[in-house]
Amino acid sequence: QVQLVESGGGLVQAGGSLRLSCAASGRALSMYTMGWFRQAPGKEREFVGGISKIGGYTYYADSVKGRFTVSRENVKNTVYLQMNSLKPEDTAVYYCAADDSVGLQTTTSFYDYWGQGTQVTVSS
């Protein structure tokens, strides 16, 4: 079983950048496909981006494509979400999640392990 802890959230002005980190313990992160999700107040949790455990394939939601980048550093057992050109509509709690499948899934039900989330607030 893997435990996940997100960090790096905060308050930023529109157009700014943040880098979120997701540190894993208990098992090697290289064993998992990793996803980033977010949930705004009153909305369902949605897929943001992810990276596969084999080949490092990445995939992003259309709303963040070209602005967000997911990367992984297996030596540090950490996955990152680099967020640039932030918009007020990016405001949400951001979660990382781990899935032991090979394929990169975009729905929450495929992910077995979740972090506690980190708040990102983008002011206009």
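One is the number of the first residue; the rest follow in order along the sequence.
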Heavy-atom donor-acceptor pair, [X] side chain to [Y] backbone, under 3.5 Å:
X	Y	answer
T91	T121	no
E6	C96	yes
Y111	T33	no

Looking at [X], I'd like to know if its [atom1] atom is crowded, meaning that more than 12 non-hydrogen atoms belonging to other residues, nucleotides or ligands lie closer than 6.0 Å.
X	atom1	answer
Y59	OH	no
Y60	OH	yes
K65	NZ	yes

Check [X] against [Y] and note the closest heavy-atom contact, atom names and distance.
X	Y	answer
S124	A14	CA-CB, 4.4 Å
A98	V2	CB-CG1, 4.2 Å
A40	A92	N-CB, 3.8 Å
G117	V93	CA-CG1, 3.8 Å

* **hydrophobic_cluster_shared for L18 and Y94, side chain cutoff 4.5 Å** => yes

Show me the donor-acceptor pairs, under 3.5 Å and distance only, between side chains in residues 47-56 and residues at least two apart or in other chains.
| residue | atom | partner | partner atom | Å |
| --- | --- | --- | --- | --- |
| S52 | OG | I54 | O | 2.9 |
| S52 | OG | Y57 | N | 2.8 |
| K53 | NZ | M31 | O | 3.3 |
| K53 | NZ | D100 | O | 2.8 |

* To do: Any pair with a residue in residues 83-97 that passes salt bridge (charged side-chain N to carboxylate O under 4.0 Å, His left out), sequence neighbours left out, goes on the list, sorted by first then second residue, please.
  =>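 Passing the test, one end in residues 83-97: R38-D90, R67-D90.
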
* Asked: Does the ring pair (Phe, Tyr, Trp, His ring centres under 6.0 Å) test come out yes or no for F68 and W36, once each step is laid out?
  -> CA-CA 11 Å; F68 290 12; W36 283 96; 9.9 Å; no

* Under the criterion ring-ring contact (aromatic ring centres under 6.0 Å, His included), which of F110, W114, Y95 is the partner of F37? -> W114

* To do: Applying side chain to side chain contact (heavy atoms under 4.5 Å, CB included) between Y113 and each of Q1, M34, Q3, report the one that passes.
  =>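 Option passing the side chain to side chain contact (heavy atoms under 4.5 Å, CB included) with Y113: Q1.
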
Only pairs under 3.5 Å count here: list side-chain donor-acceptor contacts from residues 76-86, not counting sequence neighbours, and write none if there are none.
| residue | atom | partner | partner atom | Å |
| --- | --- | --- | --- | --- |
| N77 | OD1 | L29 | N | 2.7 |
| N77 | ND2 | A24 | O | 3.1 |
| N77 | ND2 | R27 | O | 3.2 |
| T78 | OG1 | K76 | O | 2.8 |
| Y80 | OH | E73 | OE1 | 3.1 |
| Q82 | NE2 | N84 | OD1 | 2.9 |
| N84 | OD1 | S17 | OG | 2.9 |

